[in-house]
Amino acid sequence: MNTTRERLVLIGNGMAGVATLEQIIKLGGAYDITVIGSEPHPNYNRIMLSYVLEGSQTIDDIVLNSHEWYEENHITLHTGVTVTAIDPETQMILTDSGLQVPYDKVIIATGSKSLILPIPGHEKQGVVGFRDIADCHQMMEAAKNYRTAAVIGGGLLGLEAAKGLVSLGMDVTVVHLMDDLMERQLDSVAAAMLKKELESQGIKFRMGAQTAELQGGERVERLLFKDGTTLQADFVVMAAGIRPNIEVAQNSGIETTRGILVDDYLQTSMPNVYAVGECVQHRETCYGLVAPLFEQGMVLAKHICGLEAQPYEGSTVSTKLKISGVDVFSAGVFIENEHQSVITARDDWKRTYKKIILQDNIIVGAVLFGDINDSAQLQKLIREAAPMTDELYAELMGTGGCSHSKKKASVETMANDEIVCGCNGVTKLDIVSAIQDKGLTSVDEIKACTGATRSCGGCKPVVEQILQYVLGDGAAVASSQGMCGCTTHSRDEVVAAIREKGLRTVKEVMNVMEWQKPEGCSKCRPAINYYLGMIYPVDYQDEKSSRFVNERMNANIQKDGTYTVVPRMYGGVTTPEDLKKIADVSVKYNVKAVKMTGGQRIDLIGVEKEDLPKVWEELDMPSGYAYAKSLRTVKTCVGSQFCRFGTQDSMGMGASLEQRFERLDFPAKFKMAVNGCPRNCAESCTKDIGIVGNDGGWEIFIGGNGGIKARLADSFCKVKTDQELIDLCGAIIQYYRETGKYLERTSEWVERMGLDTIKAAILEDENNRQQLVERVNIALAQVEDPWQKVLNDEETRTALFGKKVEV
């Protein structure tokens with residue numbers, strides 16, 4: 001540690017505190033920094049916890065600052081350690097582990113914790129809050145053993161918890177005291193639209209219900225309401241609110257009421273001790289939303305670096321959220337009174353709603369549902385108390401056509417320090433500077449550089465507008481690019497050149513098309529490699545050097561340098577013999593974790609690189625392709641073979657489809673599911689191709705996605721025979737392979753191409769459909785299992801895994 005620099009200690013390793021450190025580092029603050037966090041993880045995105053809960057993301061996926069980031073910035077990180085007090089006399093931080101850390105300045109950023117309602121029975125087993133990764137793990141474990149769940153609280157946390165538990169297969173009821181969901185952010189119309197949307201996703205509701213007691217033995221069994229009615233539930237999530245975590249401040253003698261009291265520079269009552277985030281009370285207000293916390297952090301960072309800083313005077317509270325795939329926004333006044341005027345537009349077909357509230361013709365509030373493209377502009381208008389004009393009305397309500405120039409003007413007048421991405425604290429200036437300084441030309445590049453759009457994606461429209469504003473006419477070129485900054489050519493231009501000019505290698509494509517960077521980059525090389533393999537399936541020699549590391553190694557690399565091995569289980573079905581092999585191999589090679597996946601397979605996590613060939617050989621099972629842009633899984637229910645509701649053999653069909661289409665390269669990872677009846681136990685509605693059996697045959701759905709940007713699949717067609725189903729799946733797959741952009745999931749592909757266009761190419765053009773099937777058959781004839789290929793190729797095996805392995 002450099003003793004010539006002041007020692008700065010951050011208590012709390014959450015989003016607000018670490019975002020403040022990021023600003024201090026950007027401003028050149030000369031501190032030796034120590035971070036102490038109670039959780040055993042690096043800084044992660046708490047907003048994304050629901051995705052971890054539902055299984056579409058892992059803790060690694062939502063980490064904002066890896067262990068490497070702390071090391072690169074010379075920050076000492078202590079995880080799993082709780083600070084108990086600050087001693088101002090000795091200027092020492094005291095902890096529950098006995099660790100003592102000296103300081104010159106301290107930032108308290110301990111956040112908040114779940115409010116556990118003190119109702120009788122709250123201490124029973126099966127009652128949890130929803131605030132951190134540990135809560136997620138408890139909920140995921142409960143879903144394995146219990147069927148019914150109640151979530152107390154119809155705010156954001158409650159709805160996210162309910163979404164996750166439904167995704168885990170639980171029967172979930174949200175219990176809410178009020179008649180409207182999210183009544184602190186939405187009006188009755190938007191709340192009703194949200195409730196209807198969530199009901200369609202399988203969430204049940206008990207509105208206007210006050211829980212009087214949690215009943216049962218040692219474990220909760222039911223909720224008793226004040227009106228005497230009950231609700232069966234063997235698992236209860238308390239999501240009725242949060243409260244600032246102020247224990248450290250209280251133990252240290254720092255002034256607190258609801259939160260830690262701070263002035264306009266985030267200074268507490270103790271010298272050299274500051275506080276930021278949800279634990280703070282500023283001018284009688286405690287903020288539970290992300291954007292105000294980042295605004296506090298920017299003020300504190302400037303102040304603590306000795307720079308001139310405008311005082312923090314509070315935030316204009318706005319809410320921009322994505323709830324179960326639904327975008328909502330509100331700012332300022334969102335429930336009007338009799339003295340205010342209201343402008344509204346509602347479209348039940350597109351499921352959108354817009355309301356703007358005026359006080360003496362001044363814009364004082366707004367609510368958006370479904371389409372939140374105008375959120376940044378409305379937030380600015382409300383903050384500036386802008387008057388409504390005919391021109392502004394035409395722009396916001398669409399009556400005069402929303403021209404490009406008006407959209408450009410809205411971001412042009414946006415303040416540089418205004419936060420665009422609330423999830424990651426990215427300002428307009430961060431984005432503009434990245435575009436100008438690093439030559440960024442796409443939203444994907446902005447995401448990789450700044451983190452904007454990295455999480456919920458709700459800020460993407462504003463990021464696109466900023467990109468257009470900065471690049472001007474050049475953005476039109478950038479928006480058509482399917483590659484990267486190495487070339488001005490679009491995806492379609494590259495594919496056309498490969499076909500027309502007979503280009504056969506990645507290097508040849510880049511030379512002929514005059515790539516600006518002769519060697520390309522990690523974005524364009526894999527894309528070109530895919531397009532060449534798709535166009536020339538028979539004689540193209542795959543360039544392993546142009547593939548991502550996971551694909552080169554045929555296994556997923558983990559953060560500790562070990563790998564995950566996932567053997568194929570067709571349709572999620574295996575045998576006792578294969579299970580025994582998996583167990584034996586796991587013990588022999590000291591596998592760190594054996595995990596059941598959401599795709600009905602088994603992960604062997606923590607295999608050393610040099611052991612991979614031996615593990616593959618002794619498993620003697622096909623690769624599950626968990627690392628590839630390929631068919632990952634075909635999830636199935638038990639179907640007519642065993643289920644009393646089953647009408648079709650979903651397990652048999654799932655295995656047939658997986659055996660047929662495995663190992664084929666796709667533009668992006670690809671998932672399928674087959675239900676034996678319309679009850680949707682295999683979750684076909686959120687798969688790239690979902691298949692639902694019925695008495696008369698099969699119904700095919702396409703373009704589903706259960707990830708960050710959730711999307712229900714579109715109904716494509718119905719067929720009567722198994723062969724029709726297999727052929728149509730082949731045609732859909734090949735059409736996606738030929739027209740999809742590299743890394744574009746089918747959910748994005750369907751929206752870009754249009755469902756009618758895809759139907760016309762496959763369903764309405766029989767000749768084209770047959771040709772697609774023929775081409776996919778040619779491609780399938782070339783594939784082979786990559787694990788066996790490595791085992792049989794000593795040169796490749798030695799090059800990849802560092803030493804010769806006897807097989």
Side-chain angles (χ1 to χ4, degrees), residues 47 49-50 53-54 112-122 124 126-131 135 139 142-143 147-168 170-215 220-243 288-289 317 319 321-330 334-335 351 353 367 369-370:
I47 297 170
L49 281 175
S50 62
L53 176 59
E54 70 177 17
S112 60
K113 49 190 175 182
S114 296
L115 176 62
I116 302 298
L117 298 174
I119 56 180
H122 73 273
K124 292 184 182 294
V127 180
V128 302
F130 182 38
R131 196 64 188 155
D135 294 331
M139 295 161 75
R147 175 63 181 152
T148 58
V151 177
I152 299 178
L156 173 64
L157 281 177
L159 299 180
E160 293 286 16
K163 168 198 171 186
L165 291 172
V166 166
S167 298
L168 292 172
M170 297 194 80
D171 184 336
V172 182
T173 301
V174 173
V175 177
H176 195 46
L177 181 63
M178 311 302 288
D179 293 325
D180 292 327
L181 297 175
M182 293 186 67
E183 72 281 352
R184 295 183 180 180
Q185 289 89 24
L186 301 179
D187 67 355
S188 294
V189 174
M193 294 177 74
L194 178 61
K195 179 172 177 286
K196 183 177 180 181
E197 182 69 28
L198 297 179
E199 284 173 333
S200 72
Q201 297 181 23
I203 301 175
K204 301 174 183 177
F205 293 92
R206 286 283 291 264
M207 306 299 293
Q210 183 175 353
T211 306
E213 184 181 357
L214 301 181
Q215 298 181 330
V220 66
E221 296 175 10
R222 73 190 68 84
L223 283 72
L224 172 67
F225 299 117
K226 192 174 181 180
D227 63 4
T229 61
T230 61
L231 173 69
Q232 295 300 120
D234 39 29
F235 187 64
V236 175
V237 178
M238 291 254 192
I242 57 176
R243 59 180 180 181
L289 299 172
V317 178
T319 304
L321 304 166
K322 185 181 288 288
I323 304 165
S324 282
V326 182
D327 290 309
V328 298
F329 167 83
S330 69
F334 58 91
I335 298 178
R351 291 179 291 185
Y353 171 64
V367 178
F369 180 93

Compare every heavy atom of [Y] with every heavy atom of [X], then report the nearest pair and how far apart it is.
{"X": "Val128", "Y": "Met139", "value": "CG2-CG, 4.1 Å"}
{"X": "Gly153", "Y": "His176", "value": "C-ND1, 3.8 Å"}
{"X": "Leu49", "Y": "Arg131", "value": "CD1-O, 3.3 Å"}
{"X": "Met170", "Y": "Ala149", "value": "CE-CB, 3.8 Å"}
{"X": "Ile203", "Y": "Lys163", "value": "CD1-N, 3.9 Å"}
{"X": "Asp180", "Y": "Ala191", "value": "CB-CB, 3.9 Å"}

Validation row: [X], [Y] side chains within 4.5 angstrom (heavy atoms):
{"X": "Val175", "Y": "Leu231", "answer": "yes"}
{"X": "Phe235", "Y": "Val220", "answer": "no"}
{"X": "Arg206", "Y": "Thr229", "answer": "yes"}
{"X": "Leu181", "Y": "Met207", "answer": "yes"}

Exercise for the section: Evaluate side-chain contact (heavy atoms from CB on, under 4.5 Å) for Leu53 paired with Leu168, printing each intermediate quantity in order. Expected result: CA-CA 8 Å; Leu53 176 59; Leu168 292 172; 3.8 Å; yes
Nearest-0.5 Å distance, [atom1] of residue [X] to [atom2] of residue [Y]:
{"X": "Glu213", "Y": "Lys226", "atom1": "CD", "atom2": "NZ", "answer": "14.5 Å"}
{"X": "Phe225", "Y": "Leu223", "atom1": "CZ", "atom2": "CG", "answer": "5.0 Å"}
{"X": "Thr173", "Y": "Leu165", "atom1": "OG1", "atom2": "CG", "answer": "11.0 Å"}
{"X": "Ile242", "Y": "Leu157", "atom1": "CD1", "atom2": "CG", "answer": "7.0 Å"}
{"X": "Thr148", "Y": "Asp234", "atom1": "OG1", "atom2": "CG", "answer": "3.5 Å"}
{"X": "Ser188", "Y": "Phe334", "atom1": "OG", "atom2": "CZ", "answer": "9.5 Å"}

Problem - Partners passing salt bridge (Lys or Arg N to Asp or Glu O under 4.0 Å) against Lys204 (at least two apart in sequence or in another chain) - result: Asp171
Practice task
Evaluate whether atom CZ of Arg351 has more than 12 neighbouring non-hydrogen atoms of other residues, nucleotides or ligands under 6.0 angstrom away.
Solution key: no
Exercise for the section: Name all residues meeting the side chain to side chain contact (heavy atoms under 4.5 Å, CB included) criterion together with Leu117; count only those two or more places apart in sequence or in a different chain, and write none if there are none. Expected result: Leu115, Ile119, Ile152, Met238, Ala240
Practice task
Please step through side-chain contact (heavy atoms from CB on, under 4.5 Å) for the pair Tyr353 and Val367, ending with a clear verdict.
Solution key: CA-CA 8 Å; Tyr353 171 64; Val367 178; 4.1 Å; yes
Handout entry: CA sep, side-chain torsions, deciding dist, call: Phe205, Glu199, side-chain contact (heavy atoms from CB on, under 4.5 Å)
Key = CA-CA 8 Å; Phe205 293 92; Glu199 284 173 333; 3.7 Å; yes
Completion exercise
Residues pairing under salt bridge (Lys or Arg N to Asp or Glu O under 4.0 Å) where one sits in residues 182-192, two or more places apart or in two chains, turn out to be Asp187-Lys355
Practice task
Apply side-chain contact (heavy atoms from CB on, under 4.5 Å) to Gln185 and Val328, showing your working.
Solution key: CA-CA 9 Å; Gln185 289 89 24; Val328 298; over 6 Å; no
Practice task
Indicate whether any N or O donor in one side chain lies under 3.5 Å from an N or O acceptor in the other, for Arg243 and Ser114.
Solution key: no
